[in-house]
Number of protein chains: 2
Amino acid sequence: MKYIEKLRNSGLRPTKQRLQICEVLFNSEKTFHFTINDLDQKIKKQISDKISLATIYNTVHAFEKKGYLKQIPINSNQIYFDTNISDHHHFYDLKEEKLIDLENADVGPINILKKINGKKIKSVEVLVKLED
Amino acid sequence: MKYIEKLRNSGLRPTKQRLQICEVLFNSEKTFHFTINDLDQKIKKQISDKISLATIYNTVHAFEKKGYLKQIPINSNQIYFDTNISDHHHFYDLKEEKLIDLENADVGPINILKKINGKKIKSVEVLVKLED
DNA sequence: GTAGTACTTTATAATGATTCTAAAAAGGTG
DNA sequence: CACCTTTTTAGAATCATTATAAAGTACTAC
Ligand SMILES: [Mn+2]
Ligand SMILES: [Mn+2]
Ligand SMILES: [Zn+2]
Ligand SMILES: [Zn+2]
């Protein structure tokens, strides 16, 4: 199967649940943004087996740790994840409460002039809030 | 008093609790970042009267609505607020779990090239994650 | 294959930040 | 002072997330 090696290579056993979650997350043309609740709904629609909510949490966190998912820094009562793990940015539509990808190319190069002693930059993320 | 007019001008009654919270938030030389829990601790240290947690929540939200405080978009189990309401950015030190201000001048000008139909840009915020 | 072991799933409970409730207190106005 | 509105408050409720621990599954060694 498509995702068995991917999981094995990360030291994650390719269980039925994880493979099914992979299908839901990574088998679509487009990448997308989701909360755990969104994902739970999507799984219910696409998968006939039941996957417990605890497993969904566990799996999403495991995938995030392995770099298959990213968290998006945003203030919300739920955590937003992204299946687009490329270096990119986001619009946040305040009215629709929706995230929209903003590719690196759509943002001029960002040059952080200030340096912090003994620290390295791990990521630079831009959030552009949108209103009507 | 210093903050009575400020509150009245915003349509907020200058209660004892709000004035005391103003002292803690706005009377220091430097601006700072805080969670509600941080603020609760700070109030306990600096103010002899007890202020209920509900009032702290109410007041912080009222001040945010009036523009005296800003929320910082970041993934945490608590909401981070900023008494620095100027247009600026942040470092986030992942190990220390601390925010550091990054003035606009410390970030090159940011040019958002992509436009979203019918939407205006309300804010552009950069989060720079730091590791050792 | 079987046995042994570590990992995973699961239902359920616990946690904890935040919000809600509704009654008491305080502010503002005349 | 009355009157009305806003605010404070203790405590309860909410709800996303995490922890627990027992049952199930995957892998390894023989
Ligand atoms: Mn289904
Ligand atoms: Mn803190
Ligand atoms: Zn994205
Ligand atoms: Zn700041």
Side-chain angles (χ1 to χ4, degrees), chain A residues 1 3-25 33-44 47-66 68-69 71-81 97, chain B residues 1 3-25 33-44 47-66 68-69 71-81 97:
Chain A
M1 308 279 272
Y3 300 109
I4 291 182
E5 280 312 302
K6 177 173 180 163
L7 291 174
R8 279 231 183 78
N9 291 339
S10 312
L12 296 173
R13 290 182 180 175
T15 63
K16 189 172 71 165
Q17 292 86 344
R18 282 173 179 166
L19 290 169
Q20 289 178 327
I21 294 174
C22 277
E23 292 288 332
V24 174
L25 287 176
H33 307 118
F34 65 93
T35 64
I36 295 288
N37 183 57
D38 293 337
L39 181 57
D40 190 33
Q41 303 304 311
K42 225 163 160 18
I43 287 169
K44 283 197 176 74
I47 305 292
S48 51
D49 300 298
K50 193 211 167 191
I51 300 181
S52 82
L53 191 56
T55 296
I56 298 174
Y57 272 98
N58 290 340
T59 302
V60 165
H61 284 134
F63 286 4
E64 190 207 354
K65 200 171 215 170
K66 297 300 179 184
Y68 301 150
L69 291 173
Q71 262 190 246
I72 301 171
I74 194 175
N75 281 127
S76 168
N77 54 331
Q78 284 144 274
I79 300 173
Y80 274 84
F81 294 90
E97 297 188 333
Chain B
M1 308 280 273
Y3 299 109
I4 292 182
E5 279 314 300
K6 178 173 179 164
L7 292 174
R8 279 231 182 78
N9 291 340
S10 310
L12 297 173
R13 289 183 181 173
T15 63
K16 189 172 70 164
Q17 291 86 345
R18 282 174 178 164
L19 290 169
Q20 290 178 328
I21 294 175
C22 277
E23 293 287 332
V24 174
L25 288 176
H33 308 118
F34 65 93
T35 64
I36 295 287
N37 184 55
D38 293 338
L39 182 56
D40 191 32
Q41 304 302 313
K42 224 163 160 19
I43 286 168
K44 283 198 176 75
I47 305 290
S48 50
D49 300 297
K50 192 209 168 191
I51 300 181
S52 83
L53 191 56
T55 296
I56 297 175
Y57 271 98
N58 290 343
T59 302
V60 166
H61 284 133
F63 286 3
E64 190 206 355
K65 200 173 215 166
K66 296 302 179 182
Y68 301 151
L69 292 173
Q71 264 190 244
I72 301 171
I74 192 175
N75 281 127
S76 168
N77 53 332
Q78 284 143 275
I79 300 173
Y80 274 85
F81 294 90
E97 296 189 335

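We name chains A, B, ... by the order of the sequence lines, and we start the count at 1 in each one.
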Between [N] atom [atom2] and [X] atom [atom1], what is the distance in whole Å?
X: A:Leu7; N: C:dC7; atom1: CG; atom2: P; answer: 16 Å
X: A:Asn77; N: C:dC20; atom1: CG; atom2: P; answer: 11 Å
X: A:Arg8; N: C:dT8; atom1: CZ; atom2: C1'; answer: 15 Å
X: A:Leu39; N: D:dA16; atom1: CG; atom2: P; answer: 14 Å
X: B:Ile4; N: C:dG28; atom1: CD1; atom2: P; answer: 9 Å
X: B:Leu53; N: C:dA17; atom1: CG; atom2: P; answer: 10 Å
X: B:Asp40; N: D:dA10; atom1: CG; atom2: P; answer: 12 Å
X: A:Phe34; N: D:dT17; atom1: CZ; atom2: P; answer: 11 Å

Please verify the inter-ring angle class for B:Phe81 with B:His61; under 30° counts as parallel, over 60° as perpendicular, anything in between as tilted. perpendicular
Among [options], which nucleotide sits nearest the side chain of [X]?
X: B:Gln78; options: D:dT9, D:dT7, C:dT18; answer: C:dT18
X: A:Ile79; options: C:dT12, C:dT9, D:dT17; answer: D:dT17
X: B:Ile36; options: C:dC7, C:dT18, D:dT9; answer: C:dT18
X: B:Pro14; options: C:dA11, C:dC7, C:dG28; answer: C:dG28
X: A:Tyr57; options: D:dA10, C:dT19, D:dA16; answer: D:dA16

Does one side chain, of B:Thr35 or B:Asp38, offer a donor that lies under 3.5 Å from an acceptor on the other? yes
Assess the side chains of B:Gln78 and B:Asn37: does a donor N or O sit below 3.5 Å from an acceptor N or O? no
By nearest-heavy-atom nucleotide on DNA chain D, the more 5' of B:Asn58 and A:His61 is B:Asn58
Quiz item: cation-pi between B:Lys6 and B:Tyr68, 6.0 Å / 45°: yes
Pair of N/O donor and acceptor under 3.5 Å linking D:dT7 base with B:Arg18 side chain: no
Heavy-atom nearest nucleotide on DNA chain C taken for B:Arg13 and for A:Ser52; more 5' hit belongs to A:Ser52
The residue, B:Phe81 or B:Leu12, whose nearest nucleotide of DNA chain C is more 5′ is B:Phe81
Within the distance-only criterion (no hydrogens, no angle test), does the side chain of A:Arg8 pair as donor or acceptor with the backbone N or O of A:Pro14 below 3.5 angstrom? no
Look at all strands and tell whether B:Thr15 reaches a base, only sugar-phosphate, or nothing, counting heavy atoms closer than 4.0 Å. sugar-phosphate
Counting only side-chain nitrogens and oxygens, does A:Lys16 get under 4.0 Å of the OP1 or OP2 atom of C:dT9? no
Look at B:Gln17 and D:dT9 and indicate whether a side-chain polar atom (N or O) is within less than 4.0 Å of OP1 or OP2. yes
